[in-house]
Amino acid sequence: METSIGNIPRHVAIIMDGNGRWAEEHGKERIFGHMNGVESVRNAVRASVRNGVRYLTLYAFSTENWGRPVQEVEALMELLCKSIVNEGRELCEQGVRVEILGDRSRMSEKVQEHLSLIERETSAGDRLTLILALNYSSRWEITRMAQRIAREAAEGKIAPEEIDQQTVAGHMATAAWPDPDLLIRTSGERRLSNFLLWQLAYTELYFTDIYWPDFTEAEFDKAIRSYQSRERRYGLTTKQRREK
Ligand code: FPP
């Protein structure tokens with residue numbers, strides 16, 4: 001079903017959760033859930049382009065995910081490389097530009113080469129920016145921001161009393177993108193799991209019990225409709241917001 005025109009979130013962020021449980025319920029290995037999750041990534045990208053969403057951020061691998069069994073981590077990295085090779089053409093055709101959020105220095109050389117490849121291959125995309133959060137966590141990003149600002153202060157480039165919210169936002173790894181308007185988390189969990197803690201300050205949250213491999217375009221549209229029914233007040237009253 002189509003969503004109504006207008007009030008489309010400019011930036012949607014998704015915590016893709018439930019691949020492992022989906023696989024277990026189908027009597028399969030966890031990686032089977034991740035493999036099926038790639039189809040849901042395609043669904044989310046297509047639905048974003050169709051709805052006119054301009055930024056889509058996907059939490060694909062957190063800094064904590066390194067702690068998973070080594071076979072699962074390796075299979076996820078392999079799946080990422082394979083998806084990059086397979087999806088490049090369709091992403092270009094849809095006008096999607098891929099960008100990476102996170103510390104890629106810990107990834108293998110092969111993964112880093114694939115990431116550079118997809119960034120180059122899709123750099124002309126101007127309909128949707130697809131941001132893949134890889135080896136990302138909000139606390140990593142906030143710590144890095146503090147180090148970067150402290151370094152500039154120590155070098156005399158910035159005075160401590162001049163540091164404001166714009167300075168902080170400008171030193172985040174996400175500085176180039178607007179904050180998310182809508183956050184979707186699948187699989188029934190209701191937490192942020194170290195994802196975009198600064199950027200989600202005024203974001204509308206949408207939780208669904210659907211496991212990520214079952215997340216269809218229709219489910220994406222449902223989340224957009226829920227967003228469209230919300231009133232974002234940013235700490236003001238309804239009357240004040242209407243008069244703005
Ligand atoms: C969370 O489910 C999912 C992940 C940690 C990985 C997400 C990866 C993909 C969807 C595939 C590859 C991605 C791209 C961008 C091509 P979980 O394993 O934590 O599920 P569980 O909570 O049920 O165990």
Side-chain angles (χ1 to χ4, degrees), residues 12-49 55-92 94 96-102 104 106-108 110-119 121-122 125 128-138 140 183-196 207-217 219-220:
V12 176
I14 308 184
I15 301 177
M16 310 181 285
D17 198 10
N19 293 352
R21 278 163 286 165
W22 185 91
E24 272 159 34
E25 286 183 14
H26 286 76
K28 307 270 192 188
E29 297 288 321
R30 293 177 57 81
I31 186 62
F32 187 72
H34 299 314
M35 284 159 64
N36 280 271
V38 175
E39 181 59 27
S40 301
V41 170
R42 277 187 212 113
N43 292 335
V45 170
R46 287 185 193 133
S48 294
V49 171
Y55 300 86
L56 174 66
T57 298
L58 301 178
Y59 204 5
F61 194 86
S62 73
T63 54
E64 288 76 22
N65 287 152
W66 292 111
R68 292 193 173 198
V70 69
Q71 308 91 299
E72 184 174 341
V73 171
E74 279 174 7
L76 269 169
M77 294 299 153
E78 199 48 48
L79 188 57
L80 177 67
C81 291
K82 223 169 109 191
S83 303
I84 285 173
V85 172
N86 292 342
E87 307 300 325
R89 212 173 100 194
E90 187 181 337
L91 291 172
C92 287
Q94 292 183 98
V96 178
R97 171 192 177 95
V98 177
E99 298 190 356
I100 309 299
L101 166 63
R104 64 176 90 187
R106 194 175 161 188
M107 317 293 258
S108 71
K110 178 180 164 185
V111 172
Q112 292 193 43
E113 278 166 15
H114 278 77
L115 298 180
S116 302
L117 170 78
I118 195 76
E119 283 173 321
E121 202 182 349
T122 63
L128 173 73
T129 301
L130 171 60
I131 301 154
L132 297 181
L134 287 165
N135 192 22
Y136 171 82
S137 81
S138 210
W140 160 79
L183 171 83
I184 300 171
R185 181 169 190 153
T186 56
S187 92
E189 307 293 355
R190 284 161 170 75
R191 51 177 179 266
L192 298 180
S193 299
N194 213 351
F195 189 48
L196 301 174
F207 299 104
T208 169
D209 289 340
I210 301 272
Y211 289 148
W212 180 248
D214 288 330
F215 195 80
T216 57
E217 286 196 49
E219 290 297 332
F220 187 97

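Atoms within a ligand are numbered from 1 in the order they appear, just like the ligands themselves.
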- Message: Walk me through whether Tyr211 and Ser187 qualify under side chain to side chain contact (heavy atoms under 4.5 Å, CB included).
- Response: CA-CA 4 Å; Tyr211 289 148; Ser187 92; 3.7 Å; yes
- Note on the structure: One finds that the ligand 1 atoms under 4.0 Å from a non-hydrogen atom of Ser83 are 16 (C)
- Task: Please verify whether a non-hydrogen atom of Ser187 lies at under 4.0 Å from ligand 1.
- Result: no
- Task: With heavy atoms under 4.0 Å as the rule, classify the contact between Leu58 and ligand 1 as side chain, backbone, both or neither.
- Result: neither
- State whether Glu24 and Arg21 are salt-bridged, where the test is any N-O pair (Lys NZ or Arg NE/NH1/NH2 against Asp/Glu carboxylate O) under 4.0 Å. no
- Name the closest protein heavy atom to atom 5 (C) of ligand 1, giving the residue it belongs to and the distance to 0.1 Å. Asn65 OD1, 3.7 Å
- Between Arg46 (side chain) and Ala44 (backbone), is there a donor-acceptor pair under 3.5 Å? no
- Item | Separation of Tyr59 OH from Leu134 CG (nearest 0.5 Å) | 10.5 Å
- Message: For a 4.5 angstrom cut-off between non-hydrogen side-chain atoms, does Val73 reach Phe61?
- Response: yes
- Query: Taking atom 17 (P) of ligand 1 as the point of reference, which of Arg68, Met35, Glu39 owns the nearest heavy atom?
  - Reply: Arg68
- Would you check the N or O atoms of Leu80, main chain and side chain alike, for any that come under 3.5 Å of an N or O of ligand 1? no
- Query: For Lys110 and Met77, what are the C-alpha separation, side-chain angles and deciding distance, and is it a side chain to side chain contact (heavy atoms under 4.5 Å, CB included)?
  - Reply: CA-CA 9 Å; Lys110 178 180 164 185; Met77 294 299 153; over 6 Å; no
- Heavy atom of the protein closest to atom 15 (C) of ligand 1 (residue, atom name, distance): Leu132 CD2, 3.9 Å
- Task: Find out whether Tyr136 and Leu196 are in side-chain contact, i.e. whether some heavy atom of one side chain is under 4.5 Å from a heavy atom of the other.
- Result: yes
- Task: For ligand 1, note which part of Phe61 has a heavy atom under 4.0 Å away: side chain, backbone, both or neither.
- Result: neither
- Query: Looking at atom 4 (C) of ligand 1, what's its closest protein heavy atom, distance included?
  - Reply: His34 CE1, 3.9 Å
- Please confirm whether the backbone N or O of Trp212 pairs with a side-chain atom of Ser40, one donor and one acceptor, at under 3.5 Å? yes
- For Gly18 and ligand 1, does the shortest N/O to N/O distance drop below 3.5 Å? yes
- Near Trp212 (heavy-atom distance under 4.0 Å), the atoms of ligand 1 are 10 (C)
- Note on the structure: heavy-atom search around atom 3 (C) of ligand 1 in the protein gives Met16 O, 3.2 Å
- In terms of its nearest heavy atom to atom 20 (O) of ligand 1, the top option of Gly188, Ser62, Gly20, Ala60 is Gly20
- Ranked by distance from atom 9 (C) of ligand 1, the top protein heavy atom is Asn19 ND2, 4.0 Å
- Message: Considering Arg30, Glu87, Arg21 one by one, which has a heavy atom nearer to atom 22 (O) of ligand 1 than any of the others?
- Response: Arg21
- Query: Checking Arg185 side chain against Arg191 main chain: does a donor-acceptor pair fall under 3.5 Å?
  - Reply: yes
